[in-house]
Amino acid sequence: LNKRIGVLMGGLSSEREISIKSGMAVLKALNEKGYDAIPIDVGRNIAKELKEKHIDVAFLTLHGRYGEDGAIQGMLEMMGIPYTGSGVLSSVITMDKIITKIVLLYHNLPTPKFQVIENGEFSSINIRFPVIVKPSREGSTIGVNIARNHDELVSAYKDAKNYDKRILIEEYIEGKEITLGIIDGNVLPVIEIVPKSGFYNYKSKYTPGMTEYVIPANIGEDIEGIVKNIGLKAYRILYCSGAVRVDFILSKDNIPYILEVNSIPGMTETSLLPKSAKHAGIDFNELVEMMLKGASLKR
Ligand SMILES: Nc1ncnc2c1ncn2[C@@H]1O[C@H](COP(=O)(O)OP(=O)(O)O)[C@@H](O)[C@H]1O
Ligand SMILES: [Mg+2]
């Protein structure tokens with residue numbers, strides 16, 4: 001309780017605004033619990049700032065590049081400052097959807113069929129329309145588009161290219177969107193996500209009222225068990241620690257396809273992981289304290 005905690009937020013990614021919201025919510029929770037916690041906006045001089053402010057533990061509420069991708073984790077390992085969440089390798093892998101899918105496939109976990117496109121070689125694509133086009137390393141549905149024909153594919157690819165040089169084309173899975181929170185290797189209730197617009201994009205994610213959430217998901221006990229099993233397996237094989245969230249589409253024939261694993265899930269009070277924790281009887285402040293207690297060096 002006498003350690004000084006830096007809540008690292010903001011950062012250099014396109015999810016900066018969301019990260020600040022997560023960070024401020026976590027900061028409030030830590031202060032309410034009586035911890036000496038201060039906000040730190042992560043910029044290029046972060047190492048110096050951590051030293052000057054005498055930070056003993058880093059609570060990471062960063063999303064996207066430099067924050068969720070192993071960069072800051074590597075720096076903290078070097079500096080010997082314990083941090084929340086997953087370690088370097090896990091962060092690197094889970095930030096990169098292509099590499100994540102390769103690891104999932106190696107372990108026979110379901111993930112939509114995909115192809116990697118680097119230089120607009122559209123003629124080599126042998127996945128049927130509609131397809132989903134996404135940058136390999138982004139979040140919040142930024143740069144993610146559905147394409148129903150060749151023209152849409154070309155413009156979706158162009159959009160994705162604004163965010164990453166590595167682009168994946170995925171089979172579009174029709175079904176229910178669900179997500180599974182995991183904390184310290186324990187699963188939380190599955191959430192079913194019903195965006196009113198039909199597409200769970202940036203707007204649907206962050207505009208109150210644009211999306212309906214069903215907890216626990218209306219998928220039946222058997223399927224819920226399978227989803228939790230698959231999610232936990234993904235957590236283990238991707239070397240995750242602390243709190244993560246696994247995003248799925250449950251197809252019409254009840255196959256839970258993993259879309260991605262988020263190593264630093266959103267942490268506003270209305271974000272998915274806190275919602276799910278609350279349903280399991282863990283209130284927001286308690287959840288934040290659990291995450292803090294898992295802070296460590298991981299190498
Ligand atoms: N293969 C797919 N089939 C159907 N919908 C998809 C597929 N991939 C992504 N989506 C939709 O796009 C959203 C964002 O995709 P996701 O892979 O979770 O990336 P991120 O959340 O990191 O931007 C998902 O929540 C889902 O609504
Ligand atoms: Mg997602």
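Just the heavy atoms: all of them, side chains too, but no hydrogens, waters or symmetry mates, feed the values below. Just so you know, ligand 1 is whichever comes first in the structure, and atom 1 is the first atom listed for that ligand.
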Worksheet item: Quick one: do Ile46 and Leu12 end up in the same hydrophobic cluster if we chain Ile, Leu, Val, Met, Phe, Trp and Tyr together by side-chain heavy atoms under 4.5 Å apart?
Response: no
Discussion item. Counting only nitrogen or oxygen atoms and a 3.5 angstrom limit, does Tyr172 reach ligand 1?
Written reply: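 Between Tyr172 and ligand 1, no N or O pair is found under 3.5 Å apart.
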Discussion item. Out of all atoms in ligand 1, which are within 4.0 Å of some heavy atom of Asp247? Include the element for each.
Written reply: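 Counting atoms of ligand 1 from 1, those under 4.0 Å from Asp247 are 18 (O).
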Discussion item. Distance under 4.0 Å to a non-hydrogen atom of Glu138: what atoms of ligand 1 satisfy this?
Written reply: 22 (O)
Worksheet item: So, does Thr84 use its side chain to make a donor-acceptor pair with the main chain of Ala295 at under 3.5 Å?
Response: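 Side chain of Thr84 to backbone of Ala295: no pair is present.
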When you measure from [atom] to every protein heavy atom, which one gives the shortest distance, and what is it?
atom                    : answer
atom 4 (C) of ligand 1  : Ile173 O, 3.3 Å
atom 27 (O) of ligand 1 : Glu177 OE1, 2.6 Å
atom 8 (N) of ligand 1  : Lys134 NZ, 3.0 Å
atom 12 (O) of ligand 1 : Phe199 CE1, 3.6 Å
atom 1 (N) of ligand 1  : Glu170 OE1, 2.7 Å
atom 20 (P) of ligand 1 : Glu260 OE2, 3.4 Å
atom 6 (C) of ligand 1  : Ile132 CD1, 3.7 Å

Return yes if a side-chain donor-acceptor contact under 3.5 Å exists between [X] and [Y], otherwise no.
X      : Y      : result
Thr61  : Ser19  : no
Thr179 : Asp247 : yes
Ser86  : Gln73  : no
Thr111 : Lys101 : yes

Worksheet item: Met9 and side-chain contact (heavy atoms from CB on, under 4.5 Å): which partner among Lys21, Arg16, Met24?
Response: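 Output: one option passes, namely Met24.
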Worksheet item: Would Lys205 count as a contact of ligand 1 if the rule is a heavy atom under 4.0 Å away?
Response: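 Yes; Lys205 lies near enough to ligand 1 that a heavy-atom distance drops under 4.0 Å.
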Applying a heavy-atom cut-off of 4.0 Å, say which part of [X] lies close to ligand 1: side chain, backbone, both or neither.
X      : value
Tyr257 : neither
Lys97  : side chain
Thr141 : both
Pro195 : neither

Worksheet item: Does the ring centre of Tyr157 sit less than 6.0 Å away from the ring centre of Phe122?
Response: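 Yes: the rings meet the under 6.0 Å criterion.
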Discussion item. Could you check whether Arg44 makes a cation-pi contact with Tyr66, meaning its NZ or CZ is under 6.0 Å from the centre of the six-membered ring and within 45° of the ring axis?
Written reply: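 Because its charged atom sits under 6.0 Å from the ring centre and within 45° of the axis, Arg44 does stack over Tyr66.
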Item to complete: Tell me, yes or no, whether the heavy-atom count around Asn149 atom CG, taken from other residues, nucleotides or ligands under 6.0 Å, exceeds 12.
Response: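 Counting other residues, nucleotides and ligands, CG of Asn149 exceeds 12 neighbours.
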Practice prompt. Please calculate the OE2(Glu260)-the Mg ion (ligand 2)-OD2(Asp247) angle and round it to 10 degrees.
Written response: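 Output for this angle: 80°, rounded to tens.
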